[in-house]
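The structure appears right after this line, and notes come after that.
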Amino acid sequence: MKLGAIFRGDECLVPRAWRAATPWTRLRGLLGRPRLAASGAEALLLEPCPSVHTFGMRYALDLVFLDAQDRVVGTAAEVRPWRTRAARGARKTLELDAGSLAVLRVQEGEKLSWRER
């Protein structure tokens with residue numbers, strides 16, 4: 001996985017964001033990894049990934065679904081283990097620690113972009 005950050009325009013929204021863009025890194029995702037830092041300090045961008053599951057997870061996640069142009073097409077807060085979520089038109093999914101959406105105030109329609117460090 002590559003390390004970067006998530007930006008909303010010129011504002012660094014998430015300072016540590018890993019990008020999983022290969023079949024193996026997407027398959028592994030956050031399984032067996034420690035919980036992401038709270039308040040949106042860390043994230044995992046899965047690409048391509050129109051839907052996610054939390055089977056085998058030990059903690060809840062907040063999710064942001066992005067289309068091919070990196071526009072937010074949906075969100076899901078506090079997704080507990082053993083659940084699935086998807087959004088129509090999604091091509092990528094940003095996984096965050098539960099509670100991060102309330103702090104980051106992500107809105108549908110805005111553009112979020114990942115930039116490599």
Side-chain angles (χ1 to χ4, degrees):
M1 287 191 281
K2 293 186 177 182
L3 182 58
I6 301 293
F7 286 82
R8 178 171 36 204
D10 291 330
E11 172 194 9
C12 182
L13 195 64
V14 181
R16 291 178 54 89
W18 288 268
R19 181 173 171 249
T22 67
W24 173 248
T25 57
R26 285 192 319 272
L27 179 66
R28 170 85 194 276
L30 293 173
L31 290 173
R33 297 184 193 275
R35 188 177 195 133
L36 294 167
S39 304
E42 288 183 317
L44 174 64
L45 177 65
L46 300 161
E47 178 183 357
C49 181
S51 63
V52 297
H53 69 80
T54 57
F55 303 146
M57 297 295 295
R58 296 175 303 202
Y59 47 86
L61 296 172
D62 282 358
L63 305 171
V64 178
F65 296 97
L66 305 166
D67 67 10
Q69 290 76 42
D70 295 331
R71 301 245 177 239
V72 177
V73 294
T75 61
E78 305 279 337
V79 179
R80 297 186 318 229
W82 302 99
R83 306 292 193 277
T84 61
R85 293 293 183 274
R88 176 167 283 165
R91 296 290 177 266
K92 305 171 187 178
T93 303
L94 185 65
E95 297 182 337
L96 301 150
D97 186 53
S100 296
L101 284 175
V103 174
L104 299 176
R105 298 185 192 138
V106 172
Q107 300 293 317
E108 203 164 309
E110 70 183 350
K111 186 172 184 172
L112 302 180
S113 58
W114 180 87
R115 297 180 197 163
E116 189 171 358
R117 285 188 156 189

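- For the pair P15 and A5, the tightest heavy-atom approach, listed with the atom from each and the gap, is O-CB, 3.7 Å.
- Going from atom CG of L44 over to atom CZ of R33 covers 8.0 Å, rounded to the nearest 0.5 Å.
- With sequence neighbours excluded, the residues that form a side-chain contact (heavy atoms from CB on, under 4.5 Å) with L3 are R16, W18, R117.
- Other residues, nucleotides and ligands contribute more than 12 heavy atoms inside 6.0 Å of the CZ atom of R115.
- If you chain together hydrophobic residues whose side chains sit under 4.5 Å apart, F65 and M57 fall into the same group.
- Residues V52 and V79 are not in side-chain contact: their nearest non-hydrogen atoms beyond the backbone lie 4.5 Å or more apart.
- Rounding to the nearest 0.5 Å places CG of L112 at 10.5 Å from CD of Q107.
- In this structure the side chain of W114 never reaches within 4.5 angstrom of the side chain of V14, judged on heavy atoms.
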### Task
Would you sort out whether V64 and L104 count as a side-chain contact (heavy atoms from CB on, under 4.5 Å), showing the intermediate values?
CA-CA 11 Å; V64 178; L104 299 176; over 6 Å; no
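- Here L46 contributes atom CG and L63 contributes atom CG; the two are 9.0 Å apart, rounded to the nearest 0.5 Å.
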### Task
Take V106 and L13 through the test side-chain contact (heavy atoms from CB on, under 4.5 Å) and record every step on the way to the result.
CA-CA 10 Å; V106 172; L13 195 64; 4.3 Å; yes
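- Under the 4.5 Å side-chain contact rule for hydrophobic residues, M1 and L45 do not share a cluster.
- Atoms OG1 and CD, from T25 and E47 in turn, are 10.0 Å apart once rounded to the nearest 0.5 Å.
- Around atom CZ of R91, no more than 12 heavy atoms belonging to other residues, nucleotides or ligands sit under 6.0 Å away.
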### Query
Taking it one step at a time, do E42 and D97 satisfy side-chain contact (heavy atoms from CB on, under 4.5 Å)?
CA-CA 8 Å; E42 288 183 317; D97 186 53; over 6 Å; no
### Message
Please evaluate residues T54 and R80 with respect to the criterion side-chain contact (heavy atoms from CB on, under 4.5 Å), reporting the C-alpha separation (whole Å), side-chain torsions for both, the decisive distance (0.1 Å), and the verdict.
### Response
CA-CA 7 Å; T54 57; R80 297 186 318 229; 6.0 Å; no
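- When the side chains of ILVMFWY residues are joined at heavy-atom separations under 4.5 Å, either directly or via intervening members, V73 and L61 end up in a single hydrophobic cluster.
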